[in-house]
Structure formats: structure tokens, C-alpha cells
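Working notes, beginning with the structure itself.
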Amino acid sequence: MSVEFSKSGSEHSIYVLARKEAKLTGVTRLVSFDENYVVLSTAQGEIEISGHNMQVDGFDPIEGSAFVSGELSGINYIDDVPRKKKKLW
């Protein structure tokens, strides 16, 4: 299967295969990783991928891509940018 991803500076995508592998695009920086977490930065904030036996199999800052493997158990967006509060009326 061929998947094309946008290289726009503000978009990112995550493709997960069988909770064992993940391909990410739009990645600007590899923040940190260990056997339980991988934290990557995008233009829209940081993404934390959690699991067991986590590995970063590839990271290309020029292409903005990253490949992660392990037993994936969660994907969480870490939002440092405060959101505007919406009024109900």
C-alpha cells in the first residue's frame, strides 16, 4: 500500500500498523525516547507515543519523518499552547 503525505509545514500524520509500528510525518524534532515513551515535536505541538520495548527505527529531520516500533499502547498530544476559551453564549 502506498501512502502519500503532505509536506506542508503545519500538517502532520500518523500511520499505525497493528499497534507494532508507526510512521509519522511532519516531525520537526525528536525530543526524547526510552523503552516506554517516544516524544516527537511537530508544528502543532508534541506527540507522545507510549508502549513497551519502544524503539526509534528512523528519524529524518529533512523529510520530517520518523519510524517507531514496539508494543504501542497510546498516542497523546502534549499541548503547550493555551487554547482560547469558548463561551457558550
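All heavy atoms count here, side chains included; hydrogens, waters and symmetry mates do not.
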State, to 0.1 Å, how close [X] and [Y] come at their nearest heavy-atom pair, and which atoms those are.
X: S73; Y: R19; result: CA-NH2, 3.7 Å
X: I14; Y: Y77; result: CD1-OH, 3.7 Å
X: S69; Y: D57; result: OG-OD2, 2.6 Å
X: V27; Y: T42; result: CA-CG2, 4.4 Å

Any donor-acceptor pair under 3.5 Å linking the side chain of T28 with the backbone of S41?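 Judged by distance alone, yes, a pair lies under 3.5 Å.
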Do L40 and Y37 belong to the same hydrophobic cluster, where Ile, Leu, Val, Met, Phe, Trp and Tyr are linked whenever their side-chain heavy atoms lie under 4.5 Å apart, directly or via other members?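 No.
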Report yes if the side chains of V68 and M54 come closer than 4.5 Å at any heavy-atom pair, otherwise no.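 Of all side-chain heavy-atom pairs linking M54 with V68, at least one is under 4.5 Å.
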Evaluate the side-chain proximity of I75 to V16: yes if any heavy-atom separation is below 4.5 Å, no if none is.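 They are in side-chain contact.
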Roughly how far, to the nearest 0.5 Å, is CD of E71 from CD of E35?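 Interatomic distance, E35 CD to E71 CD, rounded to 0.5 Å: 12.5 Å.
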Enclosure of F59 CZ (heavy-atom neighbours >12, cutoff 6.0 Å):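 Check passes, neighbour count above 12.
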